[in-house]
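Have a look at the structure below, then the notes.
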Amino acid sequence: VRLDEPASQARGLRAARLAVGCLATALLLGGCRSEGAETVSIRWAEKPKQYAPGALPRDRIAQGEVVATGGELELRAEDLRVLDGAGRELESSVAFISGYAPSIEPLNQLSDLPEDEERRIGRLATIGAEPVPLTVSWRLPRGADPAVKIDYGEGALPLPAG
Amino acid sequence: MSWRRGRWTALAVGLASLAAVPSALAHPERPVSFPPGDGEFPKIRTSGGPKLVVCKADTDERIRRLPPKVRAENERLLERCEYRHIQEAVNDAPNGARVMIMPGVYREQPSRKFPNPDPACEDLLVPWEGGNLTDTSPGSTRMVASYEYQLKCPNAQQLIAILGDSDDPDTRCDVKCDLQIEGTGATRRDVKIIGDQTKENVFKADRADGIVFTNFTVQYSDYNNIYVLETDGFRFQDIRSRWSNEYGFLSFVSDHGIYKDLNAYGAGDAGVYPGSGPPTEGKRFGIKIIDVNAHDNLQGNSGSAASGTLYRNNRFHDNGVGIVVDSFSSGHPGTPEDNVVWRNNDIYSNNQDYFSPELDDYCVAPYPERDPKIVCPAIMVPVGTGLLIAGGNDNLIEGNRIWDHNRYGAMLFFVEASFRGDEEPEKQFDTSHGNRFVGNVMGVAPGGEAAPNGTDFWWDEGGDRNCWSDNTAHQGAAITSNPGTLPACPGGENPLPTNPAKHAFLVPCATWDPEDNPDPVGCDWMNLPPKPGG
């Protein structure tokens with residue numbers, strides 16, 4: 001993962017993007033909070049499975065499905081952050097898909113992907129009552145604490161120990 | 001802002017009426033349909049047909065260097081030369097004509113003057129078939145050029161447009177049919193046709209039934225050096241294609257096509273791409289790929305929905321990956337991919353690493369600013385793999401020689417139907433069935449010495465009727481595989497579940513992005529494994 005922006009700037013951008021996402025949701029659905037003023041939150045539909053790729057001993061992959069309660073939440077994969085027990089962000093990759101779906105558009109063309117393509121390849125998803133697949137991979141620095149959660153701005157998804 | 005984004009933004013600013021920001025032609029294509037399939041495989045003609053001769057100011061000098069017989073023929077032709085640009089000759093060509101391109105370098109300067117995209121045709125853009133067809137608000141889906149766009153602005157996207165369907169509703173070829181575009185030199189090196197790195201295609205033959213291309217070199221397209229679309233009957237023969245941003249030779253939703261005796265290299269996606277082959281259900285081959293040498297590309301071959309295709313006597317070598325066929329593309333008629341046969345091909349040494357940090361940095365520059373001879377990858381691939389079938393059915397891989405791959409000789413996994421835009425629940429597991437790997441020689445170089453693959457066969461363990469029989473390794477050694485035991489042919493009828501861990505390991509590789517995520521955590525595809533046994 002290449003971090004071209006300073007971490008604080010990147011986090012600011014993520015927050016801004018999430019705010020835009022919430023704003024869009026607000027316009028469409030009446031807010032990031034539901035009518036009963038309950039915060040929209042997401043959770044694993046079932047306990048996710050966790051894998052360790054043999055060729056990458058410090059990498060881990062968690063895969064499962066997520067649902068939202070209290071409304072819908074639109075999320076960009078790049079806005080999700082994997083955190084260790086001390087709250088430190090780990091290098092990670094996130095996709096709202098469960099299998100291999102590359103972009104149909106050649107990525108050496110440097111054009112922005114349209115929204116429908118971003119949804120197809122799992123860069124963007126609207127989380128609601130129906131389960132949406134989520135695959136998260138992260139890299140543990142040497143001596144680091146295990147990853148414990150995925151921060152999505154409005155809340156966090158716990159990661160199983162393993 | 002990227003160059004391309006800047007280009008579009010500038011256009012948008014200049015066009016108050018632009019409703020949706022269009023894209024360069026990408027894999028996304030306009031709504032298309034297969035031709036009826038009543039055509040034929042065209043042959044190369046050496047006589048007959050009206051001849052339209054194209055030459056350059058220095059052609060006479062060039063033909064003096066040709067062997068005597070070819071020189072004499074060219075000297076006669078030169079007396080009939082009427083055109084300086086290929087497009088001009090195509091424009092005047094009646095059905096059945098031969099456009100004869102004499103030795104020289106062709107840059108098609110008049111075509112380069114047309115803007116891309118062309119504001120004169122922006123009202124003829126349509127939503128791409130695999131995307132959202134109803135919401136065309138800016139940013140929602142790709143807008144692509146319709147056939148009517150091509151008719152009105154033929155040189156916006158390509159230097160040389162061969163448009164076979166006149167302005168009528170039948171979608172069939174009625175003008176520019178059965179054309180032959182041929183170099184007249186002694187070899188394919190004598191005629192060079194050079195793109196400008198901004199137009200998608202050097203040649204595009206669209207609904208141009210019976211088209212034949214032969215005996216020249218073509219290079220430097222932003223997308224495809226030669227593109228054939230919605231065409232029944234085409235032939236690429238004796239052509240060198242090199243250095244295209246995406247594909248050397250690409251056919252799509254076409255039938256009765258032949259790729260023969262081609263040298264394809266330097267493509268950022270694939271040297272050859274027989275995509276969306278005709279749905280022949282195994283009764284005949286719609287596309288034949290024979291005696292092709294595809295090397296030094298990201299992929300020697302790529303083919304989404306490359307159904308009904310025969311590969312025979314080809315060489316796929318020294319690419320990032322040798323051959324890929326798949327069913328993960330939306331908007332590709334004919335998915336899922338099925339009924340492809342590979343027989344007697346040499347697939348070897350596909351270990352080229354196009355994902356180095358140096359290339360990562362270099363390749364973020366826009367294509368017109370890059371050295372076109374440097375391959376920049378369009379997609380993440382499992383570097384060091386000979387053959388990958390991602391979501392294919394009823395394919396036969398028989399009697400091939402597959403050697404010297406650091407990762408896998410051959411790889412097979414399933415792809416969910418939702419990725420191709422089909423959400424029907426009963427179809428989600430409809431790929432990766434009935435693939436047979438039979439009688440292949442694994443890990444043995446032509447001289448008989450050992451040249452092992454890291455693992456001969458990798459399988460995600462899912463599907464039914466997938467099977468492996470009579471494959472042999474060096475001097476009677478055992479075939480290597482993951483899983484360790486593979487079902488012998490004909491394979492089991494009961495569908496097996498995919499190994500979920502293997503399936504999960506594929507996903508991080510899909511998050512690759514050269515700008516934002518060039519080394520996805522959890523993906524090892526871009527890391528070439530060490531040489532096996534080394």
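Reminder, nothing fancy here: chain letters follow the sequence lines and each chain counts from 1.
- For a residue to count as touching a neighbouring chain, one of its non-hydrogen atoms must lie under 4.5 Å from one of that chain's; by this rule B:T498 does not touch chain A.
- More than 12 heavy atoms of other residues, nucleotides or ligands lie within 6.0 Å of NZ in B:K502, so this atom counts as buried by the packing criterion.
- With a 4.5 Å cut-off on non-hydrogen atoms, A:A62 does not touch chain B at all.
- Looking only at distances, no side-chain donor or acceptor of A:R120 sits under 3.5 Å from a matching main-chain atom of B:G421.
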Check the pair A:I97, B:V507 against side chain to side chain contact (heavy atoms under 4.5 Å, CB included), reporting the backbone distance first and the verdict last. CA-CA 7 Å; A:I97 48 177; B:V507 182; 3.9 Å; yes
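- There is no side-chain donor-acceptor pair under 3.5 Å between A:E115 and B:T141.
- Separating the SG atom in B:C376 from the CG atom in A:L107 is a distance of 12.5 Å, to the nearest 0.5 Å.
- Summarising the geometry, atom OG belonging to A:S103 is positioned 10.0 Å from atom CH2 belonging to B:W512; distances are rounded to the nearest 0.5 Å.
- When every heavy atom of A:I61 is checked against every heavy atom of B:G522, the shortest pair comes out as CD1-O, 4.0 Å.
- Under the 3.5 Å distance criterion, the side-chain polar atoms of B:N517 are left unmatched by any main-chain donor or acceptor of A:S93.
- Residue A:I104 holds its CD1 atom at 7.0 Å from OG of B:S304, rounded to the nearest 0.5 Å.
- By the 4.5 Å heavy-atom criterion applied to side chains, B:H503 and A:Y100 are not counted as neighbours.
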Evaluate the criterion side chain to side chain contact (heavy atoms under 4.5 Å, CB included) for residue pair B:V521 and A:S92; output intermediate values, then yes/no. CA-CA 6 Å; B:V521 172; A:S92 63; 5.6 Å; no
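- Here the CD1-CD distance, from B:I379 to A:E105, works out to 12.0 Å after rounding to the nearest 0.5 Å.
- Between A:Q109 atom CD and B:Y223 atom OH the span is 6.0 Å, to the nearest 0.5 Å.
- Ionic pairing of B:R142 and A:D116 is not present here: no N-O contact between side-chain nitrogen and carboxylate oxygen is shorter than 4.0 angstrom.
- In this structure the side chain of B:Y367 never reaches within 4.5 angstrom of the side chain of A:N108, judged on heavy atoms.
- Neither the backbone nor the side chain of A:V136 comes within contact range of chain B; no heavy atom of the residue lies under 4.5 Å from a heavy atom of that chain.
- Counting heavy atoms from C-beta outward, B:W128 and A:E117 have side chains that approach closer than 4.5 Å.
- Top candidate by heavy-atom pairs under 4.5 Å with chain A, chosen from B:A504, B:C509, B:P508, is B:A504.
- Counting heavy atoms from C-beta on, the side chains of A:P102 and B:M380 never come closer than 4.5 Å.
- Neither the backbone nor the side chain of B:F414 comes within less than 4.5 Å of any heavy atom of chain A.
- One finds the CG atom of A:L56 at 5.0 Å from the CG atom of B:D524 (value rounded to the nearest 0.5 Å).
- If you measure heavy-atom distances from B:N527 to chain A, the contacts under 4.5 Å come from the side chain alone.
- For B:P500, the parts sitting under 4.5 Å from any heavy atom of chain A are the backbone and the side chain alike.
- Contact annotation for A:R119: neither backbone nor side-chain heavy atoms come within less than 4.5 Å of a heavy atom of chain B.
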